[in-house]
Amino acid sequence: MLRAVAYGVIGIAVVGALAVIPVVASGYEIALGISLLYFTILATAWALFSGPTHYISLATAAFFGIGAYTTAVLGEVLPWPLLMLSAAAIGIVIALFVGLSTLRLSGIYFVIFTFGLAELIRQLVTYYEVNIHRSVGRYIFTGSTQAGIYWQLLGLGVLLAIVGWLITHSRLGLALRVIGEDETVAKHVGIDTTKAKLALFAIASAFMAVTGAIMAPRWTYIDPAISFNPVISFEVVIMALFGGAGKLYGPLLGAVPLVLLFDFLTAKFPNYFSIFLGLTFIVIVYFLPRGVVGLLEQSLARLRSGAGPRPHYMSEGGEALIGRLWSRPKRRAVLKASPDTVPAIEAKHLRKAFGGLVAVDDIGFTIKRGEILGLIGPNGSGKTTVLNLISGALKPDAGELILNGTPITHLPPHRIAQLGVARTFQLVRVLGSLTCVENVIAGLAFRAPPLWGEAAERAARTLLVRVGLGDKTDMPADQLTYIDQKRLELARALALEPDLLLLDEWLAGLNPSELQDGIALVKMLRDEGLTIVIVEHVMDAIRSLCDRCVVMNTGRKIAEGTPATVLADREVVRAYLGDSDA
Ligand code: ADP
Ligand code: MG
């Protein structure tokens with residue numbers, strides 16, 4: 001509390017001091033101040049989305065230009081507040097439109113698309129201006145002075161800092177970090193990844209558009225080449241990465257020195273400017289992958305070695321303001337009927353083909369509540385595909401899935417997770433740069449109902465103790481040993497308070513004593529009444545854990561029954577010996 005007040009006082013003092021500058025400074029200094037402010041805002045807005053998700057967007061110039069044109073076209077007819085709102089609204093609409101079509105892309109495809117988009121919008125505006133408006137550029141007479149522009153940008157910067165803080169301290173902020181680490185995991189812990197990405201992309205774009213709208217009068221005359229200048233997009237990326245896109249204040253640390261440097265370079269060596277831009281980029285990528293912020297954090301960590309990092313991003317206030325706007329999954333229905341009448345899960349005639357290969361062929365089974373089903377069969381027989389169908393990672397070509405009496409066949413994975421299906425992955429998937437506690441909080445924060453703040457942290461630590469990671473709670477997940485990563489994955493799955501747990505070769509690769517620990521853990525879960533599907537090759541584990549087994553071979557069910565009966569079945573033995581064709 002005291003800290004919050006102290007930060008508040010410092011913040012107000014800094015903003016107050018910055019606000020006085022136009023009164024005392026020279027014209028050149030105000031112009032420089034404007035550059036510093038607008039690049040800081042653009043880079044911070046960019047990092048709000050691209051920092052956590054690692055989706056590198058080159059569309060900054062597009063949204064900036066859209067904002068500038070909003071002022072050019074509507075500046076004289078709309079009062080200032082409406083003008084700003086229009087710029088934000090147009091930015092959001094275009095961002096949602098673009099986002100829906102591009103956010104499915106990832107990596108380099110997303111980068112190229114956003115760059116193409118900026119060019120496309122510029123061409124469209126140029127076409128409109130030349131052929132319909134019949135002039136290449138427009139004059140802007142809104143009466144904004146240099147000082148006015150400076151103050152408007154300062155206000156926008158403060159608003160962005162507040163919105164950014166709220167987002168990074170709410171579940172939405174964590175959702176984006178989880179998406180950046182592993183989008184598949186994100187879906188299976190209950191995150192509506194499309195919605196989270198769209199929300200942030202739209203918010204960031206709105207800030208970029210408003211920046212353009214405020215800046216437009218500075219040029220007096222604008223044309224598409226000025227307002228949609230692609231260099232802005234690159235500069236913004238470089239500034240954000242140089243400062244460090246992982247922290248809210250990172251882009252500020254990058255924008256300030258680089259604006260000053262670029263200002264100097266364009267004045268002294270206008271012809272070589274793009275070479276410097278490229279060089280700066282290379283230097284950042286090679287020497288400062290996490291930016292200035294990364295350097296600062298490293299030295300800070302050395303200073304207070306010993307004290308582990310704690311989740312510092314969770315705020316009840318941030319969540320109360322942002323979380324409600326974004327999502328609040330409803331508590332899932334508690335099953336009223338007696339356990340015997342409604343199975344935990346029913347699979348009917350499931351089929352899934354990849355091209356010509358039928359990976360799952362007419363598979364059906366029913367699992368009672370509290371039962372442990374072993375799903376076994378040789379490699380490539382379709383076991384993982386069945387788990388992917390149940391958890392919603394894949395959609396069946398035919399067949400039906402009913403969870404606790406509710407059809408889930410066509411639901412997206414995050415909805416299925418929220419309905420109580422948790423899973424681990426055949427190749428272990430932890431959120432590497434997040435600590436163990438944060439990994440488990442990812443499982444708590446998006447389930448229905450979600451857990452957040454201190455309650456979430458406490459629950460996460462308890463779960464970590466349960467799976468035997470009590471002494472590694474604040475260690476980054478990628479520093480864990482293989483077995484510990486498996487334990488962490490289990491803790492994250494349990495965090496969802498699942499009705500159905502899917503374990504895909506969770507015991508594979510463990511040494512004999514670790515295996516005994518692992519089996520004991522699963523037994524403990526069974527004794528608590530959890531319903532579990534185990535895909536496993538370790539026959540001892542199957543015998544001691546499973547109530548029943550379904551045996552698959554080349555996508556088909558070849559046997560079903562108690563472990564003892566199916567493992568004695570001749571067809572099963574033949575399948576495992578690999579001469580099923582005989
Ligand atoms: P198991 O888990 O029993 O080893 P899988 O379910 O992983 O088997 O795979 C069953 C078959 O489906 C294999 O032949 C595999 O190559 C194929 N397969 C699985 N996933 C895909 C995919 N995403 N695309 C194409 N083929 C796949
Ligand atoms: Mg498999």
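Everything numeric in this text was worked out from a predicted model, so none of it was measured. All ligand and atom numbering here is 1-based and tracks the order in the structure.
If you check the side chains of T384 and Q426, you find a donor sitting under 3.5 Å from an acceptor. Defined by atom type and a distance below 3.5 Å, a donor-acceptor pair is present between the side-chain atoms of R369 and N404. A donor and an acceptor atom, one from each side chain of R461 and T473, are located under 3.5 Å apart.
Residue D361 is tested with R556, K352, K557 for a side chain to side chain donor-acceptor pair (under 3.5 Å); the sole match is R556.
Listed by chain and number, the protein atoms of type N/O/S under 2.8 Å from the Mg ion (ligand 2) are T384 OG1, Q426 OE1; waters are omitted.
With respect to the salt-bridge test (charged N to carboxylate O, under 4.0 angstrom), the residues E489 and R429 do not qualify. Under 4.0 Å is where a charged nitrogen must lie from a carboxylate oxygen, and between R487 and D517 at least one such pair does. Between R466 and E528, at least one side-chain nitrogen of the basic residue sits less than 4.0 Å from a carboxylate oxygen of the acidic one, meeting the salt-bridge criterion.
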Inventory of protein N or O atoms under 3.5 Å from ligand 1 N or O:
residue: ligand 1; atom: 2 (O); partner: T384; partner atom: N; Å: 2.9
residue: ligand 1; atom: 2 (O); partner: T384; partner atom: OG1; Å: 2.7
residue: ligand 1; atom: 3 (O); partner: S381; partner atom: N; Å: 3.2
residue: ligand 1; atom: 3 (O); partner: S381; partner atom: OG; Å: 3.4
residue: ligand 1; atom: 3 (O); partner: G382; partner atom: N; Å: 3.0
residue: ligand 1; atom: 3 (O); partner: K383; partner atom: N; Å: 2.9
residue: ligand 1; atom: 3 (O); partner: K383; partner atom: NZ; Å: 2.8
residue: ligand 1; atom: 4 (O); partner: G380; partner atom: N; Å: 2.7
residue: ligand 1; atom: 6 (O); partner: T384; partner atom: N; Å: 3.4
residue: ligand 1; atom: 6 (O); partner: T385; partner atom: N; Å: 2.9
residue: ligand 1; atom: 6 (O); partner: T385; partner atom: OG1; Å: 2.5
residue: ligand 1; atom: 8 (O); partner: G382; partner atom: N; Å: 3.2

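Between F110 and F201, the ring planes lie perpendicular to each other; the angle is over 60°, past the 30° to 60° tilted range.
Q418 contributes a side-chain N or O that, together with a main-chain N or O of G190, makes up a donor-acceptor pair within less than 3.5 Å.
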